[in-house]
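What's counted below: heavy atoms across the whole structure, side chains too, no hydrogens, waters or symmetry copies.
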Amino acid sequence: MPLASRLPVTAKGKVVKGSPIAKSGKDISASIKDERGSDKAKAPEPKQPIHYESDDDDKPLAHHVQRKPTASIVDDDSDDDKPLATRLPSGVKTYQRKDSLPKTVPGVKQESSPQSKPSTPSSVKTPKISSTMPSSGKSDSKMEVDGDDDEDDDIPLAQRMSSSTSIIKKVVQQKAKASSSTGSTAIAARKLLEKKKAKRLQLQMMVTKKKVITKTTTKSKKVEPVSGDGVKWTTLEHNGVIFPPPYEPHGVKMLYDGKPVDLTPAQEEIATMFAVMLETDYAKKERFIKNFWDDWKPYLGKNHVIKKFELCDFTPIFDWHAREKERKKSMSTEEKKRLKEEKLAVEEKYMWAVVDGVKEKVGNFRVEPPGLFRGRGDHPKMGKLKTRILPHDIVINIGKDAAVPECPIPGQRWKEIRHDNTVTWLAYWKDPINDKEFKYVFLAASSSLKGQSDMQKYEKARMLKDYIDDIRRTYTHDFSSSDPTKQQIAVATYLIDRLALRAGNEKDEDEADTVGCCSLKVEHVTLVAPKSLQFDFLGKDSIRYFNTVEVDERVYKAIGQFKKGKKEGDDLFERLDTTKLNLHLKGIMPSLTAKVFRTYNASITLDNLLQDTTGETTIEIIADYQRANKQVAILCNHQRSVSKGHSAQMERLEGKMQELEEQLEELETDLDRAKKGKPPLKDSEGKVKRNQTPEALEKKIAATKQKIDKMRLDMRVKDDLKTVALGTSKINYMDPRITVAWCKRHEVPIEKIFNKSLLSKFAWAMEVEPDFRF
DNA sequence: TTACTAACTTAGGACACGGCCG
DNA sequence: CGGCCGTGTCCTAAGTTAGTAA
């Protein structure tokens with residue numbers, strides 16, 4: 001099945017990164033070549049589908065996914081219930097939204113002479129030094145505190161981690177116990193619910209408490225009952241953010257109509273942003289060029305020689321940049337090292353914050369440098385100028401008693417200083433591309449603050465286990481509800497649960513046109529008789545989701561009904577949006593939202609698949625893990641683009657493989673002859689080979705065979721994974737405790753599965769018992 | 001009810017790095 | 001010992017969700 005052929009091509013050339021994966025059993029991929037091979041303008045291609053059977057609802061669905069070649073609809077041999085999933089991107093969509101494009105555009109900034117930086121000094125000067133109190137007026141009281149901590153900084157991270165961990169563990173265990181005892185009986189549902197609720201509250205409390213305890217442990221100082229809700233920290237110190245260096249003009253002249261042009265530094269800076277991207281596919285897109293030109297023009301001014309984009313030739317700057325790059329690359333390693341160290345020395349102080357007396361890493365302490373916006377997919381704003389952010393654009397959040405970071409640019413000051421301990425950000429600024437959005441500076445993933453919330457995320461997902469049977473039963477029942485809203489909620493919940501779709505918020509017109517469950521349009525789902533659905537739409541990051549799945553007949557019917565009387569571009573679930581859906585979910589389980597299903601399904605799938613770890617050697621065991629990981633990635637539709645050398649690499653491997661096979665044949669011939677006492681034949685170049693004993697030849701043959709097998713396997717894995725990104729699910733969806741426990745059971749060093757960043761991110765999960773089950 | 005704001009999680013691509021192979 | 005290639009890090013875009021305001 002020519003998958004490729006059936007793929008829809010995106011209308012308007014959407015960018016999609018998908019690619020085909022054809023994997024599944026044996027097979028395939030070849031048919032789908034990578035046309036998209038070239039860079040980015042890739043065409044969409046299908047990825048493989050997964051399917052899962054129709055479900056029967058009530059069971060514990062463990063699902064797992066089996067991927068199959070796309071089109072087939074299901075056959076699941078796989079087993080019983082599993083989630084279905086698949087992916088593939090494609091384009092096609094058309095809906096429209098209202099827009100507000102005009103507002104932000106060019107006109108605006110021109111007001112003051114553009115050339116000077118866009119930053120408008122005037123308005124800005126009112127930085128308030130004063131601090132704003134926590135928005136909610138929450139207890140500031142608590143901030144009082146330790147008057148400066150004393151050094152606990154470098155600390156016992158581990159220690160505190162473990163202390164918190166143990167508490168967590170307890171909670172977890174408790175919970176696990178409860179659920180195991182109750183969980184199985186599907187019937188006690190109602191009661192269970194009540195219990196669960198209570199449990200959850202308890203859990204929440206403990207979690208909050210833990211924080212305090214931790215703190216105490218670390219330092220023995222004050223321990224105030226900060227239980228107030230929403231309080232995220234008591235003391236917070238940090239050094240603010242670091243700015244990119246000011247622009248240094250290079251003086252290389254671009255050509256206009258064939259002639260060199262003089263540009264002011266500000267003009268040149270923007271021209272350079274474009275020049276540098278000359279060889280990306282962005283620079284070939286009309287929209288990118290138009291947005292860039294619209295934003296650059298005002299900096300040139302009305303009377304500039306440069307009047308039309310088409311006559312601009314940026315190659316001199318491009319070439320200059322390429323040379324610079326080359327120069328940097330060719331520096332000696334010592335020199336590189338030195339530069340790196342220098343950079344580190346400058347940045348060191350920005351890399352850390354002290355939160356409640358504990359030194360924690362800051363995530364993104366570097367302010368984003370100016371550049372041209374690289375929106376993904378068919379983004380209406382691609383190419384727009386992302387202006388330089390200055391101190392007066394930045395709001396700092398810091399403890400009341402902490403020293404306010406010195407503004408690194410002389411003569412300027414921060415926009416505002418806040419002391420809001422109900423949030424975790426250290427600083428933010430307004431996004432220059434989207435006036436309604438902010439860019440935040442947060443702590444790194446390894447911080448305790450992030451770790452705690454990560455753990456809570458997984459605990460919430462585990463709580464869903466106790467409700468899932470009931471939820472599935474309910475939505476199955478409502479598939480044929482006469483209340484259309486109820487019916488849509490049921491079907492949407494089903495899709496989110498079984499296909500791991502995202503919630504699907506509405507999007508503005510000035511964003512790429514992508515959808516999730518609630519925002520699916522009629523053209524995104526096609527009925528395939530007798531009872532399958534084909535999904536084809538662009539999801540987050542304009543990644544194509546392409547999957548054909550067999551579903552409950554009632555769902556099939558319901559979708560048919562939902563589509564009836566609508567035209568392309570109409571909402572499939574016209575009575576739904578994410579708010580309504582989440583509101584409904586919250587009525588079922590406290591704080592349940594659509595995204596919890598993704599976490600739940602990813603984690604439970606991993607947990608279940610890992611139960612059949614059958615490998616004997618460590619290598620095989622790890623391969624089992626990767627297979628499980630891959631299923632999860634497929635379920636979640638985590639894709640990556642095929643690396644540009646992929647097909648060439650495969651060909652090379654193919655060639656090598658052939659060579660090996662020839663060698664093998666030759667060896668076999670030689671062996672035959674050797675057994676008969678004859679000398680080996682001449683080799684391919686006609687040279688005489690030396691005699692070898694049959695034993696030696698046999699040994700060689702075995703070795704060669706092994707080599708071939710390994711290679712064949714490697715090639716398959718490689719081809720199989722060329723479009724699947726395993727990392728995303730590992731970082732965000734699979735409860736690390738599942739992995740840690742599995743490692744303990746199978747004596748696999750955790751480092752074989754988690755790299756350094758993951759190890760520190762998941763420090764909170766390291767102590768689990770080997771028998772932990774999600 | 002809808003619209004918007006704010007805060008935080010999730011995501012893939014670019015690029016740096018370092019081990020490996022001929 | 002230079003280039004290849006896979007992995008890890010960085011970067012920042014693009015989602016979700018809670019809460020508030022209109």
My understanding is that only residues two or more places apart in sequence, or in another chain, count here; which of them pass side chain to side chain contact (heavy atoms under 4.5 Å, CB included) with Glu437(A)?
Asp431(A), Asn434(A)
Please determine, for the side chain of Lys386(A), which listed nucleotide (dA11(B), dA7(B), dA13(C)) has the closest atom?
dA13(C)
From the list dA7(B), dT12(C), dT9(B), which nucleotide is the closest neighbour of the side chain of Lys457(A)?
dT9(B)
Please name all residues satisfying ring pair (Phe, Tyr, Trp, His ring centres under 6.0 Å) with Phe573(A), sequence neighbours left out, ordered by chain then number.
Phe562(A)
Of dA6(B), dG15(C), dT9(B), the nucleotide closest to the side chain of Ser453(A) is dT9(B)
Only counting residues at least two apart or in another chain, list the ones meeting salt bridge (Lys or Arg N to Asp or Glu O under 4.0 Å) with Arg575(A).
none
Please identify each residue that fulfils salt bridge (Lys or Arg N to Asp or Glu O under 4.0 Å) with Arg287(A), with sequence neighbours left out.
Asp378(A)
Distances under 3.5 Å between protein N/O atoms and the N/O atoms of nucleotides 4-11 of chain C, please, pair by pair.
from, atom 1, to, atom 2, distance (Å)
dC5(C), OP1, Arg652(A), NH1, 2.1
dC5(C), OP1, Arg652(A), NH2, 3.1
dG6(C), OP1, Gln649(A), NE2, 3.1
dG6(C), OP1, Lys718(A), NZ, 2.4
dG6(C), OP2, Gln649(A), NE2, 3.3
dT9(C), OP1, Ser757(A), OG, 3.4
dT9(C), OP2, Ser757(A), OG, 2.3
dC11(C), OP1, Arg366(A), NE, 3.4
dC11(C), OP2, Arg366(A), NE, 3.2
dC11(C), OP2, Arg366(A), NH2, 3.2

With sequence neighbours left out, the residues meeting side chain to side chain contact (heavy atoms under 4.5 Å, CB included) with Glu751(A) are Pro749(A), Leu759(A)
Considering residues at least two apart in sequence or located in another chain, which fulfil the side chain to side chain contact (heavy atoms under 4.5 Å, CB included) criterion with Arg366(A)?
Ile242(A), Lys343(A), Glu347(A)
Set of residues satisfying salt bridge (Lys or Arg N to Asp or Glu O under 4.0 Å) with respect to Lys386(A), sequence neighbours excluded:
Glu368(A)
Would the number of heavy atoms belonging to other residues, nucleotides or ligands and lying under 6.0 Å from CG of Leu339(A) be above 12?
yes
It should be established whether Ser641(A) places a side-chain nitrogen or oxygen under 4.0 Å from OP1 or OP2 of nucleotide dG13(B).
yes
Ile731(A): what forms a side chain to side chain contact (heavy atoms under 4.5 Å, CB included) with it, not counting sequence neighbours?
Leu758(A), Lys761(A)
Mind checking salt bridge (Lys or Arg N to Asp or Glu O under 4.0 Å) for Lys540(A) and listing every partner two or more places apart, or none if nothing turns up?
none
I'd like a table of atom pairs between the protein and nucleotides 17-22 of chain B - only N or O on both sides, under 3.5 Å - with the distance next to each one.
from, atom 1, to, atom 2, distance (Å)
dC17(B), OP1, Lys340(A), NZ, 2.9

Using a cut-off of under 3.5 Å, enumerate the N/O to N/O pairs linking the protein to nucleotides 17-22 of chain C.
from, atom 1, to, atom 2, distance (Å)
dT17(C), OP1, Thr593(A), OG1, 2.7
dT17(C), OP1, Ala594(A), N, 3.2
dT17(C), OP1, Lys595(A), N, 2.7
dT17(C), OP2, Asn582(A), ND2, 2.8
dA18(C), OP1, Lys586(A), NZ, 3.2
dA18(C), OP2, Lys586(A), NZ, 2.5

